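Okay, structure first, notes after.
Note that the structure is predicted; figures quoted are calculated from it, not measured. Numbers here are sequence positions counted from 1. Ligands are counted one by one from 1 in listed order, and the atoms in each one are counted from 1 as well.
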Amino acid sequence: MRAMMFEQFGALPDLVDIDEPDCAPDGAVIAVKATGLCRSDWHGWMGHDADISLPHVPGHELAGTVARVGSEVSKWSVGDRVTVPFICACGTCASCAAGDQQVCDNQEQPGFTHWGSFAEQVAIAHADTNLVALPETLDFVSAAALGCRFATAYRAVMAQGRLRRDEWVAVHGCGGVGLSAIMIAVAAGAHVIGVDPSPNAREFAERLGAVALDGTGDVASAIRELSDGGAHLSLDAYGSAATSAASIDSLRKRGRHVQVGLMVGDSAIAPVPMDRVIAHELEILGSHGMAAHEYPAMLAAIADGVIDPSILVGRTITLAEAPDALAGMDASVHPGMTVIQIG
Ligand SMILES: [Zn+2]
Ligand SMILES: [Zn+2]
């Protein structure tokens, strides 16, 4: 099968022919129809992720059809239209037993812990725990946008962020996660401020119903002024010491900061103003993907037309175009999500 592979971190990936993946007894092999290109893929390619060993096939935001199932799989059959959370859970550890598969003790992440979905097929472990059925009305390209960024934003805003109608929300970083969060927060009846230095990203944020700021100057005080005292909920959807600090600084008293953007390298131990956390009773929360069993509520909102991930897909490309798109990601001028169509 065809796949996009890199043999060295930071070196342009190649299109290669490799063997189809094995199917575990409790796993499934998915014929990939669409797979998102995400900033996490770029971090992985740059060597920022310790889970990755070389050579490597990235890709974790996938949608497709079930091509093979293991003998122990009971819920899925060949041909089923599916997606998966980017954190694939074991289904049996203490976190999974508590319903918190997104922080599974034995989690696997396609495209990180094993070869991913920039390929015609990808293996998914523990299929009965991890596969999510797609409604017939949801196309594969839109569904590929759900697996990581949209689902992550949904959980960050609705579950971890506990957003209520008429609250003020600040979203720092208007890439895939940030734009998803803006759409979800606007649909939930919030007043939303998006922050991004890119004019294209700001224009996209405004189209979704946010007030957009360019991030220059004192962003936090601009947000506190616009929102008459600060955001009730603020998300760092980019992931850096600077955006995380600006997010926390944007909050009103008793506000909630949700860290959604991955914090890697020097940002991994970003400073947090604990004096203000105490004095203003701030909440500092993390959000890490979304468990498969939480998808139905989100899929129902999509089916009702309340939220529409297809709007966030800025462009679709082929697998042959993926190496250049991955390598150019850090300087990308393409707003919204890039989705690779396969097959
Ligand atoms: Zn992703
Ligand atoms: Zn588990």
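- Taking distances strictly below 2.8 Å, the protein N/O/S atoms close to the Zn ion (ligand 2) are Cys90 SG, Cys93 SG, Cys96 SG, Cys104 SG.
- A donor-acceptor pair shorter than 3.5 Å can be found between the side chains of Asp105 and Ser95.
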Where do Asn200 and Ser198 land on the side-chain hydrogen bond (donor to acceptor under 3.5 Å, both in side chains) test, with the steps shown first?
CA-CA 5 Å; Asn200 287 334; Ser198 154; 4.9 Å; no
Between Asp128 and Ser74, is the side-chain hydrogen bond (donor to acceptor under 3.5 Å, both in side chains) condition met? List the steps.
CA-CA 7 Å; Asp128 283 340; Ser74 61; 3.0 Å; yes
Run the side-chain hydrogen bond (donor to acceptor under 3.5 Å, both in side chains) check on His257 and Asp236 step by step: do they pass?
CA-CA 8 Å; His257 161 80; Asp236 174 11; 5.7 Å; no
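- Closer than 2.8 Å to the Zn ion (ligand 1) sit the protein N, O or S atoms Cys38 SG, His60 NE2, Glu61 OE2, Cys148 SG.
- Ring geometry for His48 against His43 counts as tilted: the plane angle lies between 30° and 60°, on a 0 to 90° scale.
- Ile340 pairs with exactly one of Leu62, Val32, Leu326, Ile317 by the side chain to side chain contact (heavy atoms under 4.5 Å, CB included) rule, that one being Ile317.
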Before you tell me yes or no, could you show the steps for Trp168 and His191 under ring pair (Phe, Tyr, Trp, His ring centres under 6.0 Å), namely the whole-Å CA-CA distance, both residues' side-chain angles and the distance that decides it to 0.1 Å?
CA-CA 5 Å; Trp168 281 92; His191 311 286; 4.9 Å; yes
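- Nearest heavy atoms, Ile342 versus Glu120: CG2-CG, 3.9 Å.
- In this structure, Glu206 places its CD atom where more than 12 heavy-atom neighbours from other residues, nucleotides or ligands lie under 6.0 Å away.
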